[in-house]
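Some notes on the structure that comes next.
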2 protein chains.
Amino acid sequence: MPKTEQTQPPRTYSELKTWIQEHYDSLPKRLQSVAAFALDNPDVVALKTIAIISEQAEVTDSTLVRFAKSIGYDGFTDMQSVFQESMRYIPQPYAQRLNRLETDSQSEQSALHKFSQAASNSIHKLEQQIDEKDILKASELLSKARTIYIAGAGRAFPVTTYLHYNFLKMGIQAVIIDGISDTMTEKAKLIRKDEALIAITFSPYSAHTKELVDTCLVNEVPVVAITDSTLSPISRSDDLHLEVVEEEVSGIRGLSATMCLALCLAVETGKLTSKLTPKT
Amino acid sequence: MPKTEQTQPPRTYSELKTWIQEHYDSLPKRLQSVAAFALDNPDVVALKTIAIISEQAEVTDSTLVRFAKSIGYDGFTDMQSVFQESMRYIPQPYAQRLNRLETDSQSEQSALHKFSQAASNSIHKLEQQIDEKDILKASELLSKARTIYIAGAGRAFPVTTYLHYNFLKMGIQAVIIDGISDTMTEKAKLIRKDEALIAITFSPYSAHTKELVDTCLVNEVPVVAITDSTLSPISRSDDLHLEVVEEEVSGIRGLSATMCLALCLAVETGKLTSKLTPKT
DNA sequence: TATAAAATGAAATATTCATTTCAAAAACAG
DNA sequence: CTGTTTTTGAAATGAATATTTCATTTTATA
């Protein structure tokens with residue numbers, strides 16, 4: 001029989017979480033599976049039955065009960081109640097309304113709340129406002145490129161590195177264009193017709209990136225632009241531009257929606273590329 | 001036998017609510033009790049058993065079952081599942097659409113929709129699961145540092161650059177630690193007690209970052225960790241770790257929620273720093 | 001490698017739970 | 001009132017669930 005904790009088991013979710021973190025390493029393999037699953041899917045543990053949970057966590061029924069007992073609970077039911085309590089008093093439908101009300105009335109709101117709200121809104125707007133076909137066109141263009149160059153400085157730089165990372169992971173040759181303004185333009189001049197450029201700029205616009213785009217367009221290099229407005233200097237009729245507007249909170253803009261768009265672009269490009277080159 | 005609705009019962013909480021409001025007046029007395037109780041205590045209906053609910057609503061077991069059937073459900077269990085789903089982190093309207101789309105149109109959903117959905121969900125989870133105090137503690141710690149060092153490679157690198165950008169914009173000295181593994185550890189050894197480190201890692205974990213964290217902790221350098229699980233090797237009891245779980249779409253994870261958290265951390269740190277140094 | 005200890009899965013058991021049944025009470029119509 | 005229908009509650013039934021047991025496998029230890 002496995003040793004069971006003598007002390008009283010955690011009676012709140014956050015205590016339980018702490019317990020799991022502290023004991024995870026010393027837990028048997030299957031119990032670790034349960035631990036990881038529980039932390040990842042607390043709602044499933046709270047609402048479903050042993051049979052369903054154990055199936056999803058890929059363990060047997062007994063293991064779930066053992067897990068609960070090893071923490072010190074009477075059994076699974078006892079532990080489940082802790083997960084359930086953690087969900088209560090935060091009913092989803094009310095939470096939404098509360099959000100709106102509080103946003104209007106109380107100016108002193110937690111930063112996390114304000115920013116996550118803004119991020120969430122921005123993502124929804126993105127989904128509604130962007131034309132799916134534009135993303136597909138862009139990825140088609142990119143999938144044909146031998147090498148994808150990516151440029152975007154300042155606030156756009158994280159997007160640049162994110163795209164770069166994703167392309168590389170998908171086996172697509174990608175290069176970041178950075179450095180001093182002069183050097184960047186020099187680098188851009190060397191990009192060939194069968195390659196492509198992704199340029200990311202937000203207001204306040206960096207003149208460098210605009211220069212880069214122009215250079216490429218002159219050389220007939222395909223350009224995909226990610227901007228926060230069609231009025232952005234780098235959006236022109238002869239390139240493809242994808243527009244993301246990040247909602248601002250007291251003058252500060254996030255990047256959540258932009259990152260989402262970037263991921264989409266990368267994934268779609270990846271799909272097409274793998275079709276073009278069936279065997280790696 | 002009581003008349004039962006012939007039409008299909010509501011499959012979302014908000015539909016169910018509407019149904020109850022519309023039929024309330026024509027319901028028998030005890031069923032009215034149940035209706036009122038259910039609208040007032042949806043969480044109890046979602047989580048507890050017939051016995052407990054009927055006791056709290058001051059009706060008998062049978063009445064509860066009858067109530068469910070009179071709406072058109074198979075039985076109480078069927079109705080309860082609607083209440084349960086309303087508590088989960090899956091936003092109601094989309095879950096519905098997804099189900100329908102998946103059933104008839106072969107799960108061929110636009111990538112943009114899937115990713116923005118995942119991003120949005122991740123942000124909501126972040127908001128609910130993270131402890132606001134942890135962010136404040138972390139920013140307090142960071143605001144006291146003369147220089148903030150930031151480390152995070154691979155998928156975490158965009159987060160690193162984002163934090164770096166924001167700190168600099170706020171007039172906070174920040175340095176990115178990158179380069180070859182060996183060099184990184186060397187750099188970390190030079191960080192002093194009155195400085196701080198932010199480490200960002202996601203699974204699959206890079207061993208380098210863990211090494212970095214350990215080095216700093218040994219030297220008593222304050223460490224703030226951003227990870228995607230409390231089981232991450234860099235989360236330890238003696239540092240501050242902030243947890244973000246990005247929902248995955250066919251194995252691919254975004255960064256939207258993480259970026260949101262990063263922004264919060266930077267902004268809170270900025271606030272505190274400006275208080276500490278009133279005049280620049 | 002041999003032995004003990006721990007972990008695990010499958011099946012049996014016991015419990016809890018939802019559902020149905022049926023008789024009594026209440027409401028209603030003539 | 002009287003007979004009929006609807007509503008209701010208590011108990012019986014049947015189904016699902018959690019828990020325990022035990023044989024087997026795995027892991028650790030000497």
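Quick note on labels: first sequence line is chain A, next is B, and so on, each numbered from 1. Computed from a predicted model, the values in this text were never measured in an experiment. As a basis for the values below, the full set of heavy atoms in this structure was taken, side chains included, without hydrogen atoms, waters or symmetry mates.
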With a 4.0 Å limit, can you tell me whether Arg66(A) has a side-chain N or O closer than that to the phosphate oxygens OP1/OP2 of dT20(D)?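 The answer is no; no side-chain N or O of Arg66(A) sits under 4.0 Å from OP1 or OP2.
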
Would you say Thr63(A) reaches dG9(C)'s phosphate, i.e. side-chain N/O to OP1/OP2 under 4.0 Å?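 Answer is yes, contact under 4.0 Å.
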
Can you tell me how far [atom2] of [N] sits from [atom1] of [X], to the nearest Å?
X	N	atom1	atom2	value
Ile53(B)	dT16(C)	CD1	P	17 Å
Gln32(B)	dT7(D)	CD	P	11 Å
Leu27(B)	dT6(D)	CG	C1'	13 Å
Met79(A)	dA18(D)	CE	P	11 Å
Phe76(B)	dT19(C)	CZ	P	8 Å
Phe67(A)	dT8(C)	CZ	C1'	16 Å
Glu55(A)	dG9(C)	CD	C1'	16 Å
Leu64(B)	dT8(D)	CG	C1'	13 Å

Heavy atoms from C-beta onward define the side chain here; which of [options] lies closest to that of [X]?
X	options	value
Lys29(B)	dA27(C), dG9(D), dG9(C)	dA27(C)
Lys69(A)	dT27(D), dT20(D), dT8(D)	dT20(D)
Thr60(A)	dG9(C), dG9(D), dT19(D)	dG9(C)
Ile50(B)	dT8(D), dA11(C), dA18(C)	dA18(C)

Select base, sugar-phosphate, or nothing to describe what Thr77(B) touches, counting heavy atoms under 4.0 Å on all strands.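 Thr77(B): backbone/sugar contact only, no base atoms under 4.0 Å.
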
Just call it for Thr49(A): base, sugar-phosphate, or nothing, with non-hydrogen atoms closer than 4.0 Å on any strand.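 If one applies the 4.0 Å heavy-atom cut-off, Thr49(A) turns out to touch the sugar-phosphate alone, with no base involved.
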
For [Y], is there an ion pair with [X] - N to carboxylate O distance below 4.0 angstrom?
X	Y	answer
Lys48(A)	Glu85(B)	yes
Asp61(B)	Arg66(B)	no
Glu268(A)	Lys271(A)	yes

Short side-chain donor-acceptor distance under 3.5 Å, Ser33(B) and Glu58(B):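 Absent: no donor and acceptor within the cut-off.
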
Would you say CD of Gln56(A) has more than 12 non-hydrogen atoms from neighbouring residues, nucleotides or ligands within 6.0 angstrom?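 Counting neighbours around CD of Gln56(A), more than 12 heavy atoms of other residues, nucleotides or ligands fall under 6.0 Å, so yes.
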
